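To start, the structure under review is shown below, and the notes come after it.
Keep in mind that what you see is a predicted model, and the values were worked out from it rather than measured. So that the names make sense, note that chain A is the first sequence line, chain B the second, and so on, each numbered from 1. Only this structure's heavy atoms are used, side chains among them; waters, hydrogens and symmetry mates stay out.
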Number of protein chains: 2
Amino acid sequence: MAQEQPVSTRGPLNASAILRFAWDSPAFTASDAMSATHLTRSTVIALCDLLVAEGWLRELENARAAGEYSKGRPARRYVLRADAGVVVGLDAGQHHLTAIVSDLSGRELARVQSSANPDSDIARERLAAADGSVNGALQKAGVTSDRVLCIVVGVPAPTDADGHSPEGQNSFWRIMNPGYAEHFSKRGWPTVVENDANLAAIAEGCRGRAAGASSFVTLLSGERFGAGYVVDGRLVRGAQGGAGEMRLLSLVEGVGSPDGIGALARDWLHKAIAQNVVPPSSALAGLPEHEQDARTVFRAADAGDSFALSIIDRIAERLARICAVLAGLLDVERIVVAGAVATSIGPLLERTARRLTELTHPPAPELTASTLSDNVVSIGAVAHALEYARDHALTMTVAPPTSA
Amino acid sequence: MAQEQPVSTRGPLNASAILRFAWDSPAFTASDAMSATHLTRSTVIALCDLLVAEGWLRELENARAAGEYSKGRPARRYVLRADAGVVVGLDAGQHHLTAIVSDLSGRELARVQSSANPDSDIARERLAAADGSVNGALQKAGVTSDRVLCIVVGVPAPTDADGHSPEGQNSFWRIMNPGYAEHFSKRGWPTVVENDANLAAIAEGCRGRAAGASSFVTLLSGERFGAGYVVDGRLVRGAQGGAGEMRLLSLVEGVGSPDGIGALARDWLHKAIAQNVVPPSSALAGLPEHEQDARTVFRAADAGDSFALSIIDRIAERLARICAVLAGLLDVERIVVAGAVATSIGPLLERTARRLTELTHPPAPELTASTLSDNVVSIGAVAHALEYARDHALTMTVAPPTSA
DNA sequence: ACATTAGATTTAGATACTAAATGTAATGGC
DNA sequence: GCCATTACATTTAGTATCTAAATCTAATGT
């Protein structure tokens, strides 16, 4: 339990307080900021002037002109300059890359998706692909690279505080994270490299299904399960960033492997067809190999196909056990299932939730499907980048005000 | 992911920085404090004078007189006044109560142990017993109740931020925590009520086997398992303080129940004797019922008794699985097994560690036995109370300096 | 005696804020 | 159209916390 030395802080401490407030407000008057920060008007106005001069805030026409009726003298109004800079969120997955450029209000300016060679283990190739996506998105957004305040990269690997991934898993982690931290730092961008499931959790926490909860788990599911924990309002990363790695789920009875929902649905269907045990009445009987995927199973289940439902039931049992163990060990209020499959798993979650109430002691955790589909990680990356920019704003330089 | 409003802080901010530094130093000069806090001499000396006047620090004879050779003018020396106040740590277990009174240097001034009626569900009785222990310890230490800076109470139940335990477990939790928070607050003492396993983790983190590790788990074992997590240097408590509850371990293959090491050893021995399957060569054969306990099994195993070793092996297998799941899901570097049984489980841990390396991917977490025996919880309570006092020192009033 | 060392003390700011008095742009009643 | 009222802005003086730099002091070694 290391305790870092407290250090004397200097500088207009509360400028950051004003900026934090501005970050989450659409537009605000000096009085708004006063009640939010408990500072006096003199201080607030002085700080706002400072922040306007630095380019972080813009002064708007006064509050009455804006239609906010009031009797007395009209109040001055400020907003965060959404165009003071941009942040970049990059989902650097094994198969796909997604880069999002966002302004400071969280508005997405551009998105570029591309596919990666999933088997390439050449660092240079993966870095070049990442560069391509990021540059493409910046160009599409019409901003130059010097406007980037910071970038957050999501990788399917644990990461430590420096953004490095441990050796292990037959070097898969090192291949998935071939040094993004140094790579983007070289461009002068503050860079954070973070595990994909952790970013998914951040996404759910601020724009998704976990908004408001202080303790929740996000299960990122596709080919494999990965979890992101937010407990007591903070991300739990682990000694090497490996918290949420699901390899040891194999020890949980009835789980057996860390395979994700997508993989399980596909594999079980595939095996059933190969062994010829699919009843001919089922829509899944005799499906061509390239259509034997999770989505097909879920669609068939939705249509009432009883064989598809039997697969769903098996997955539900396994998922419920995973959720029970996680919720039990971590005491979280909610579990969000995210990832590309999340859009079509309504019936699965219903069954899982039923099983979960049997397995756990009340109150059972809420179980919901993410609404962010296959963008969770990149959205989480943007959200994390915005937080990072907010927390380090006063150390960053911003595009000069476009006043004149 | 709630974000509380930042508030303007005022007052001699860095007095607390000096005090924090003093807390962990035996005696220090102004120069020591300067390099620790990055403040100038003027500031440090002004703040030290302030803290001396308030009773937190005492000025000693100068550094040369103390034998710290130096050439120039002798430096002034200060220490934290260990007798500025006391803190109380109370382990309010189901069967036993332990109250420790400690001075601010962490020196134990008095300890009182007593047994509680484990089946009493009358709040008044448990509170009276707690009062008895605490008052006894204070009297033994020779301090009056107004000198108590704060008290930390450890209970075998989850606790929330207010020190309340949830309904559940057939009200066992409410019985174990019959409102200690309000009870001791009424005496004017800042009171923290915390789960016993969490306090054990705090104890291991600062005086025990996890010193230096930033992520570790403490498994408090006796009749039942309970875990305390410290991940990324902070305690993980969970939505209702229930992180580390092991009820759902029953879902892990080969574990089956959250019974602790003590209970397992006793029960398995008991069953074996009842079923008459203990080989007559074993020292455990025909043991009278009141001697059929965990310690006996461990002693026999130590002496090489092969039947005892077979029980140890079964426990090791189970313990290894628990450790594997916890370490895997949380990515901790170390697991400390604590509790009364911890003193005699050397051979068990050896076997568990071997099994653990088979079950986990490298690096396997270190596995150690606590050296704090059945005092972990009360020692953790004291440690937590000292931290609490340090962090809230400037809001507390202290016994006036004994100078004149 | 005197240079050297290491720290103490003093003095004069700088910074980041508060508090309170005064000034100002609007409203609405008469 | 004047005036009280409202709700803010602006100005001024002042405070607390800390720094920087000059000066003072108590010791050592030669």
Side-chain angles (χ1 to χ4, degrees), chain A residues 5-21 25 27-54 56-57 59-78 393-394, chain B residues 5-21 25 27-54 56-57 59-79 394:
Chain A
Q5 287 303 343
V7 168
S8 155
T9 41
R10 295 202 31 102
L13 264 183
N14 288 320
S16 64
I18 299 273
L19 198 50
R20 287 185 78 92
F21 170 68
S25 310
F28 64 96
T29 66
S31 300
D32 296 336
M34 284 167 64
S35 52
T37 60
H38 301 134
L39 297 167
T40 59
R41 186 179 305 278
S42 327
T43 310
V44 166
I45 288 192
L47 293 175
C48 285
D49 287 349
L50 182 85
L51 292 170
V52 166
E54 278 185 0
W56 283 109
L57 299 183
E59 184 163 1
L60 301 175
E61 55 188 352
N62 72 48
R64 193 171 344 263
E68 302 171 20
Y69 177 80
S70 77
K71 295 191 195 164
R73 176 172 177 175
R76 294 168 70 173
R77 276 168 81 241
Y78 304 86
L394 294 186
Chain B
Q5 287 303 341
V7 167
S8 156
T9 39
R10 294 200 34 99
L13 263 184
N14 288 322
S16 64
I18 299 273
L19 198 49
R20 286 185 77 93
F21 169 68
S25 309
F28 63 97
T29 66
S31 301
D32 296 337
M34 284 166 66
S35 53
T37 60
H38 301 136
L39 296 168
T40 58
R41 186 180 304 277
S42 329
T43 311
V44 166
I45 289 193
L47 293 176
C48 286
D49 287 348
L50 182 84
L51 291 171
V52 166
E54 278 186 359
W56 283 108
L57 299 183
E59 185 164 1
L60 301 174
E61 53 189 353
N62 72 46
R64 195 179 335 269
E68 301 171 20
Y69 177 80
S70 78
K71 296 192 194 167
R73 175 173 179 175
R76 294 168 70 173
R77 276 167 83 239
Y78 304 87
V79 254
L394 295 185

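At the heavy-atom level, A/A30 lies under 4.0 Å from the strands shown only through sugar-phosphate atoms.
Residues A/L39 and A/L47 have side chains in contact (heavy-atom distance under 4.5 Å, counting atoms from C-beta outward). Here the side chains of B/E54 and B/L394 are in contact, with some heavy-atom distance below 4.5 Å. For the pair A/D32 and A/Y78, the minimum side-chain heavy-atom distance is 4.5 Å or more.
We find that NE2 of A/H38 is positioned 15 Å from P of C/dC17, with the value rounded to whole Å. In this structure, B/R41 places its CZ atom 13 Å from P of D/dT19, rounding to the nearest Å. Following rounding to the nearest Å, B/R77 (CZ) and C/dG7 (C1') show an atom-to-atom distance of 15 Å. A straight line from OH of A/Y78 to P of D/dC8 spans 13 Å, rounded to a whole angstrom. Per the geometry, CG belonging to B/L47 stands 14 Å off P belonging to C/dA8, to the nearest Å. Straight-line distance from the CG atom of A/D32 to the C1' atom of D/dC8: 12 Å, rounded to whole Å. Summarising the geometry, the separation between CG on B/L39 and C1' on D/dT17 is reported as 10 Å, rounded to the nearest angstrom. Put simply, CG on A/L50 is 13 Å from C1' on C/dT15, counting in whole angstrom units.
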Atom pairs under 3.5 Å: protein N/O with N/O of nucleotides 21-24 of chain C:
| from | atom 1 | to | atom 2 | distance (Å) |
| --- | --- | --- | --- | --- |
| C/dG23 | N2 | A/R73 | NH1 | 2.7 |
| C/dT24 | O4' | A/R73 | NH1 | 3.4 |

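The side-chain hydrogen bond (donor to acceptor under 3.5 Å, both in side chains) search around B/T40 returns B/T43, not counting sequence neighbours. Here A/A30 pairs with A/R41, A/V44, A/I45 under the side-chain contact (heavy atoms from CB on, under 4.5 Å) rule; sequence neighbours left out.
Taking every side-chain heavy atom of B/T40 into account, D/dT19 is the closest of D/dC8, D/dT19, D/dC18. Set against C/dT18, D/dA9, D/dC18, the side chain of B/T43 has D/dC18 as its closest nucleotide. Comparing D/dA9, C/dA8, C/dC17 by their nearest atom to the side chain of B/R76 picks out C/dA8. Checking D/dC18, D/dC8, C/dT9 against the side-chain heavy atoms of B/I45 singles out C/dT9 as nearest.
Distances shown here put a side-chain N or O of A/N14 below 4.0 Å from the OP1 or OP2 atom of C/dC17.
Considering CZ of B/F28 and SG of B/C48, their distance stands at 4.5 Å, rounded to 0.5 Å. Taking CG of A/L19 as the start and CG of A/L51 as the end, the distance is 5.5 Å to the nearest 0.5 Å.
When each of B/S31 and B/S42 is assigned the nucleotide of DNA chain C with its nearest heavy atom, B/S31 is the one assigned upstream, toward the 5' end.
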